[in-house]
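The first residue of the sequence shown is numbered 1, and numbering continues consecutively from there.
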Amino acid sequence: MGWVWGGASAVLVSAVGFTWTVSAVGERADVLVLARDVPAGKVLTAKDLRTVQVAADSSVIPVERRADAVGKQARVPLVAGSLLSPGMVGHSATFPPRGSSQVTLGLESAAAPSNLARGDRVAILPGPGDDEPAGDKDEETADEVQSAVVGTVAGTKAPRAAGGVREVRVLVATAAARRATKIAHPRLVVLPASSREAP
């Protein structure tokens, strides 16, 4: 599912290669950068932004054009520390991408790596008990939860208490979304980003 982050939604993985690493020479300008993570669809406020001085770049929003960002919606999930470009904001969100859906999973402490991060390519696997017959589980549903669903992590939220359930949002193909939500005890396995293999 790594391909779904192409285009505008590539900002989700931009934190790894911090976009405002700049050369030590050349003309510099004050531009807008994200002060904190902003989910897709949220209206940006002044508190969501800060300024940095970088080498002049026409692809980002300069401080004097702050009005082009404040009051606009985040078109995709925005990551703290990323330079803000015009394509990241607008009058409506463009996330999830066409053909994809975002599912929210509640994971137990041992059900996923502790360092799980945005942009990780993962497989959602059934956990203990998902393969056991239940009175209200028909044969079709039982078959659905047996196979893994591959997706990309869109965000995580720490549990409210130690050992509690961690919320993880995963972008999956829309055709597989129903199958992902049928897994009662999901487990996540991080897959190689450059490989198409999946369990």
Side-chain angles (χ1 to χ4, degrees), residues 1-17 36-42 74-80 82 92-199:
M1 284 292 292
W3 55 269
V4 300
W5 300 103
S9 58
V11 66
L12 287 174
V13 294
S14 66
V16 176
R36 55 191 176 188
D37 291 354
V38 177
K42 180 183 181 296
R75 300 185 68 199
V76 296
L78 304 178
V79 179
S82 298
S92 62
T94 57
F95 184 88
R98 183 181 296 275
S100 302
S101 296
Q102 182 173 266
V103 297
T104 300
L105 307 173
L107 300 180
E108 299 169 0
S109 58
S114 59
N115 62 345
L116 195 69
R118 281 185 181 85
D120 283 348
R121 181 172 175 263
V122 296
I124 307 171
L125 299 171
D130 284 317
D131 56 351
E132 297 176 0
D136 59 349
K137 184 184 290 185
D138 56 29
E139 184 175 346
E140 180 182 356
T141 300
D143 290 339
E144 283 183 343
V145 299
Q146 292 301 314
S147 56
V149 176
V150 176
T152 304
V153 175
T156 65
K157 186 176 182 180
R160 296 182 178 179
V165 174
R166 175 170 39 156
E167 179 185 299
V168 177
R169 300 184 302 281
V170 182
L171 194 68
V172 302
T174 297
R178 181 174 182 270
R179 183 153 41 100
T181 59
K182 290 290 184 181
I183 302 175
H185 307 284
R187 292 179 178 273
L188 292 190
V189 175
V190 177
L191 304 174
S194 59
S195 173
R196 297 299 92 195
E197 65 179 343

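Judged as a side-chain hydrogen bond (donor to acceptor under 3.5 Å, both in side chains), and not counting sequence neighbours, the contacts of Thr174 are Ser101. For Thr181, there are no side-chain hydrogen bond (donor to acceptor under 3.5 Å, both in side chains) partners two or more places apart in sequence or in a different chain.
Going from atom CG of Leu78 over to atom CZ of Arg36 covers 12.0 Å, rounded to the nearest 0.5 Å. The NZ atom of Lys157 sits 10.0 Å away from the OG1 atom of Thr104 when rounded to the nearest 0.5 Å.
The closest donor-acceptor contact from the side chain of Arg121 to the backbone of Thr152 lies at 3.5 Å or more, if one exists at all. Although no hydrogens or angles enter the test, the distance criterion places a donor-acceptor pair under 3.5 Å between the side chain of Asp37 and the main chain of Ala80. Side chain of Arg118 to backbone of Pro77: no donor-acceptor contact under 3.5 angstrom is found.
What you find for Pro186 and Ile124 is that their closest heavy atoms are CB-CG2, 4.0 Å. Shortest non-hydrogen contact noted between Ala40 and Arg75 is CB-O, 4.3 Å. The two residues Gln102 and Pro96 make their nearest non-hydrogen contact at N-CG, 4.0 Å. Contact detail for Ile183 and Pro126: the closest heavy-atom pair is CG2-CA, 3.6 Å.
Shown here is Glu108, whose CD atom has no more than 12 heavy atoms of other residues, nucleotides or ligands within 6.0 Å.
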Using a 3.5 Å cut-off and no angle test, enumerate the donor-acceptor pairs between side-chain atoms of residues 162-172 and protein atoms at least two apart in sequence or in another chain.
{"residue": "Arg166", "atom": "NH1", "partner": "Pro113", "partner atom": "O", "Å": "3.4"}
{"residue": "Arg166", "atom": "NH2", "partner": "Ala112", "partner atom": "O", "Å": "3.3"}
{"residue": "Arg166", "atom": "NH2", "partner": "Pro113", "partner atom": "O", "Å": "3.1"}

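Taking the side chain as every heavy atom from C-beta outward, Val149 and Leu125 never approach each other to under 4.5 Å. Here the side chains of Leu107 and Leu188 are in contact, with some heavy-atom distance below 4.5 Å.
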